[in-house]
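All remarks here apply to the structure that follows.
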Amino acid sequence: MWGRFPQKAFSDRSGQRTMSSTTPNTIPTGSVTYYNRVLIRHLANHVGQVVELYGWLYNRRSSGKIHFLEIRDGSGLVQGVMGRNDVDEATFALADHTPQESAVKVSGTVSQHPKTGAVELHINGFEVLSQAGEYPISHKEHGVGFLMDNRHLWLRSSRQHAALTIRSELCLAIHQYFHQHGFVQVDAPIFTPNACEGTTNLFETAYFDDKAYLTQSGQLYMEAAAAAFGRVYCFGPTFRAEKSKTRRHLTEFWMVEPEMAYATLDDVMDVAEDFMVYLIGHVLTHCRPELATLERDVAKLEAIVKPFPRISYDEALELLKQHGSEEQQVPWGEDFGGDEETVISNQFDRPVFIHRYPTQCKAFYMKEDPTDPKKSLSVDMIGPEGYGELIGGGQREDDLAVLEQKIAAHGLPKEDFEWFLDVRRYGTFSHGGFGLGVERTVAWLCGLHHVRETIPFPRLLDRLKP
RNA sequence: UCCCCAGUAGCUCAAUGGUGGAGCAAUCGGCUGUUAACCGAUCGGUUGUAAGUUCGAAUCUUACCUGGGGAGCCA
């Protein structure tokens with residue numbers, strides 16, 4: 001069903017016409033005159049008034065004696081109407097020949113469509129500030145490769161604008177949630193001296209006369225920070241040099257990673273659940289027009305309420321036995337693949353926690369289950385509709401001796417982890433946390449097929465430009 | 001790293017081994033309420049690269065390059 005998708009860059013035209021109305025009328029007006037300019041997304045509050053807009057010509061239609069000029073300004077999209085008698089002859093002819101995406105200044109009276117009632121602008125002033133060259137992205141369908149080559153221009157089209165607006169709102173909600181709950185933002189470094197988890201492939205870079213690696217997680221640093229601040233989180237880009245070639249993978253992606261002092265596995269699940277419900281609520285409250293543009297079935301998001309089901313890894317294996325195919329049977333001790341996760345998540349109408357994975361398939365810093373050392377106090381949150389792992393986390397190993405032994409068992413250089421072991425030497429404490437992948441979450445909330453559309457400039461295997 | 005598919009006009013796609021076309025874009029013209037507007041005309045090509053088979057290759061073969069889909073790995 002996913003197949004190749006010739007993308008209609010402008011395929012949202014049947015939906016809401018506004019590109020965004022995220023925070024109506026919250027832009028401050030004051031002494032900075034720039035802020036006094038009227039934005040398209042606020043035009044509904046100016047019906048009957050004469051306004052001046054600065055933007056770009058998004059599309060143009062004409063019936064000979066009347067032009068329909070669609071103007072966008074980054075905040076929204078409005079149809080301008082220019083009748084033969086509204087402007088002088090030269091301006092009328094100019095408007096008919098202005099190329100798509102030219103920078104324009106227009107003025108006129110805000111009005112409403114005689115039939116649909118949609119807000120529009122009756123133009124009596126039209127000035128081309130900069131005529132655009134032939135714009136590569138047309139109003140017809142395009143292939144993904146072409147659109148990605150023109151990602152810097154593709155951002156201007158409505159679907160991309162909507163998805164990235166939702167991303168921005170999601171990031172805002174993430175910060176709001178943690179600050180409302182007493183977390184301190186502690187940023188982790190991007191250059192790191194060693195592999196955080198020692199397993200996956202890292203990007204290596206020159207660091208003067210030494211080598212450095214791009215971080216794959218701020219996790220270990222957050223553990224140290226939790227001892228300083230109690231509740232902490234980091235939010236930033238992370239890097240994986242995996243040669244993954246799927247719709248769920250980027251080589252550069254954003255993660256938010258909270259870490260909580262004196263938290264147990266159950267605490268981690270409670271917080272992750274509360275956090276996710278908050279994020280969905282925020283997007284549902286603030287991004288209705290964008291969700292409509294993306295034609296997202298919001299009923300599926302509105303159905304996400306507490307509590308989320310919590311099943312153990314062992315119970316997940318049972319579910320696979322009941323509902324999975326022959327090939328989807330996983331022997332105990334192995335992690336699930338994407339297909340297995342989808343089978344499990346399809347049994348529920350909301351995200352599902354899978355906890356207590358086998359110790360062998362989780363990172364060395366996961367605490368062993370005191371009742372069974374073969375299991376770890378780890379947890380993943382699997383999103384519905386096949387979006388896979390949205391959150392991974394758990395309770396951390398807080399015993400110095402156990403951790404030293406695990407670092408040795410994983411073949412990691414102990415000297416690189418001395419600072420990390422210090423967290424256990426000086427007042428060790430139970431703690432836990434999780435990481436949430438921003439792009440996968442945005443893809444799920446937007447109902448997008450591929451995470452590459454959820455980040456402004458995606459970095460993929462074989463794609464480093466633009 | 002492995003498997004599959006595709007590279008033809010700026011874009012999206014056609015074309016039994018036998019004269020490479022259409023829609024959109026662009027350019028020109030027509031139309032007073034259009035919604036990816038519509039109608040007419042014009043413009044547009046070293047068929048990804050290299051070699052091979054053949055009287056003849058966009059079409060068949062091989063290699064390479066690029067892109068897409070999937071797997072593994074992972075978030």
Side-chain angles (χ1 to χ4, degrees), chain A residues 1-15 17 58-70 77 79-86 92 96-97 99-100 111 113-116 118 120 122 132-150 157-158 197 199-201 216-217 219 237-257 327 334-339 341 361-363 380-383 387-393 434-441 443-444 449-452 460-463:
Chain A
M1 70 184 278
W2 290 115
R4 200 170 55 78
F5 68 113
Q7 176 89 24
K8 291 183 181 176
F10 292 76
S11 64
D12 54 305
R13 305 182 81 84
S14 58
R17 303 288 295 203
Y58 189 73
N59 193 20
R60 172 167 46 74
R61 292 178 291 275
S62 176
S63 293
K65 300 295 185 297
I66 183 169
H67 297 325
F68 298 95
L69 308 170
E70 284 191 285
L77 187 64
Q79 172 168 275
V81 184
M82 182 193 283
R84 163 73 91 186
N85 301 321
D86 296 336
F92 194 76
D96 199 26
H97 289 88
Q100 185 187 351
S111 58
H113 192 287
K115 288 176 189 160
T116 67
E120 53 184 23
H122 265 95
E134 190 177 330
Y135 193 62
I137 299 179
S138 76
H139 294 231
K140 291 283 178 174
E141 42 199 57
H142 295 286
V144 142
F146 175 79
L147 288 169
M148 274 301 165
D149 287 342
N150 290 284
S157 62
S158 297
E197 301 175 22
T199 51
T200 51
N201 296 318
Q216 61 171 336
S217 166
Q219 156 73 41
T238 47
F239 308 86
R240 306 274 166 101
E242 302 287 348
K243 299 212 168 179
S244 299
K245 197 169 146 48
T246 84
R247 63 192 180 93
R248 300 188 306 277
H249 289 87
L250 298 165
T251 54
E252 176 182 313
F253 65 100
W254 285 62
M255 253 203 314
V256 55
E257 295 175 278
E327 306 82 56
E334 282 184 22
D335 208 347
F336 304 118
D339 286 350
E341 286 179 350
C361 65
K362 285 291 175 185
D380 285 355
M381 183 197 288
I382 311 298
Y387 281 93
E389 184 181 342
L390 302 173
I391 279 177
F434 60 87
L436 172 130
V438 170
E439 288 76 18
R440 285 188 184 180
T441 305
W444 169 47
H449 164 61
H450 200 298
V451 291
R452 65 188 160 204
L460 298 145
L461 181 66
D462 297 329
R463 186 172 287 281

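- If you take atom P in B:rA15 and the same atom in B:rC74, they sit 43 Å apart, rounded to whole Å.
- Among the atoms of the strands shown, none is found under 4.0 Å from any heavy atom of A:Thr238.
- Following rounding to the nearest Å, A:Leu147 (CG) and B:rG10 (C1') show an atom-to-atom distance of 13 Å.
- Using a 4.0 Å heavy-atom cutoff across all strands shown, A:Arg248 reaches at least one base atom of the nucleic acid.
- A:Asp339 comes within 4.0 angstrom of the backbone, heavy atoms only, and of no base.
- Comparing the P positions of B:rC43 and B:rC3 gives a spacing of 48 Å, expressed to the nearest Å.
- At a threshold of 4.0 Å, the pair A:Arg61-A:Asp96 does not count as salt-bridged, since none of the basic side-chain nitrogens sits closer than that to a carboxylate oxygen.
- Listed pair A:Arg240 / B:rA75 meets the phosphate criterion, a side-chain N or O lying under 4.0 Å from OP1 or OP2.
- Taking the charged nitrogens against the carboxylate oxygens, A:Asp149 and A:Arg463 do have a contact shorter than 4.0 Å, which makes a salt bridge.
- Ranked by how close their nearest RNA chain B nucleotide is to the 5' end, A:Ile391 and A:Asp462 are led by A:Asp462.
- A donor-acceptor contact under 3.5 Å is formed by the side chain of A:His249 with the base of B:rC74.
- A distance of about 11 Å separates the P atoms of B:rG7 and B:rU59, rounded to the whole Å.
- One C1' atom belongs to B:rA51, the other to B:rA14, and the distance between them is 28 Å to the nearest Å.
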Report summary line: Nucleotide by nucleotide, nucleotides 26-33 of chain B touches protein heavy atoms under 4.0 Å in the pattern (B base, S sugar-phosphate only, - none) S-SS-BBB

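- In this structure, A:Thr238 contributes its side chain and A:Phe253 its backbone to a donor-acceptor pair below 3.5 Å.
- Taking atom CG of residue A:Leu461 and atom P of nucleotide B:rC2, one finds them 12 Å apart after rounding to whole Å.
- Among the protein residues, A:Leu436 comes within range of no part of the nucleic acid, since none of its heavy atoms lies under 4.0 Å from any strand.
- The NE2 atom of A:His139 sits 7 Å away from the C1' atom of B:rA36 (whole-angstrom rounding).
- Donor-acceptor pairing under 3.5 Å, judged by distance alone, is present between the side chain of A:Ser244 and the base of B:rC73.
- One N or O on the side chain of A:Arg240 and one on the backbone of A:Gln216 form a donor-acceptor pair closer than 3.5 Å.
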Report task. May I have the step-by-step check of side-chain hydrogen bond (donor to acceptor under 3.5 Å, both in side chains) for A:His113 and A:Gln79, ending in yes or no? Result -> CA-CA 9 Å; A:His113 192 287; A:Gln79 172 168 275; 4.8 Å; no

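- Taking only side-chain atoms of A:Met255, from C-beta outward, the nucleotide of B:rA75, B:rG68, B:rU12 with the closest atom is B:rA75.
- Using a 4.0 Å heavy-atom criterion, one finds that A:Phe253 contacts the bases of the nucleic acid, with or without backbone contacts as well.
- If you measure from atom NZ of A:Lys140 to atom C1' of B:rC11, you get 11 Å, rounded to the nearest angstrom.
- Checked by atom type, the side-chain pair A:Ser157/A:Tyr58 shows no donor-acceptor distance below 3.5 Å.
- A:Val451 and A:Arg248 make their closest contact through CG2-C, 3.8 Å (heavy atoms, listed as atom of the first residue, atom of the second, distance).
- Taking every heavy atom of both residues into account, A:Val81 and A:Asp86 meet most closely at O-OD2, 4.3 Å.
- Just one residue in the list A:Lys140, A:His142, A:Glu141 forms a side chain to side chain donor-acceptor pair (under 3.5 Å) with A:Ser138, and that residue is A:His142.
- For the C1' atom pair drawn from B:rG67 and B:rU49, the interatomic distance equals 15 Å after rounding to whole Å.
- Heavy-atom nearest nucleotides on RNA chain B were determined for A:Lys362 and for A:Arg463, and the one closer to the 5' end corresponds to A:Arg463.
- For the residue pair A:Glu257 and A:Gln219, no side-chain donor N or O sits within less than 3.5 Å of a side-chain acceptor on the partner.
- Taking atom P in both B:rU66 and B:rA75, one finds a spacing of 29 Å when rounded to whole Å.
- Rounded to an integer number of Å, the gap from CD of A:Glu141 to C1' of B:rC13 is 9 Å.
- For A:Phe92, the ring pair (Phe, Tyr, Trp, His ring centres under 6.0 Å) partners are A:His67, not counting sequence neighbours.
- Atoms CD (A:Glu341) and C1' (B:rG70) sit 16 Å apart, rounded to a whole Å.
- What separates CG of A:Asn150 from P of B:rU12 is a distance of 10 Å, to the nearest Å.
- A distance of about 13 Å separates the P atoms of B:rU46 and B:rA58, rounded to the whole Å.
- A side-chain contact (heavy atoms from CB on, under 4.5 Å) with A:Lys243 is found for one member of A:Thr251, A:Asp462, A:Leu461 and no other, namely A:Leu461.
- Taking atom P on both nucleotides, B:rG48 is separated from B:rA6 by 13 Å, rounded to a whole Å.
- Heavy atoms of A:Asp380 sit nowhere under 4.0 angstrom from any nucleic acid atom.
- One interatomic measurement links the two molecules: CG of A:Leu250 to C1' of B:rC74, which rounds to 12 Å at whole-angstrom precision.
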Query raised in the report: Dot-bracket for RNA chain B: what is it, with Watson-Crick or G-U pairs under 3.5 Å, [ ] where a pair crosses earlier ones, and | for a pair to another strand?
Result: (((((((..((((....[..)))).(((((.......))))).....(((((..]....))))))))))))....

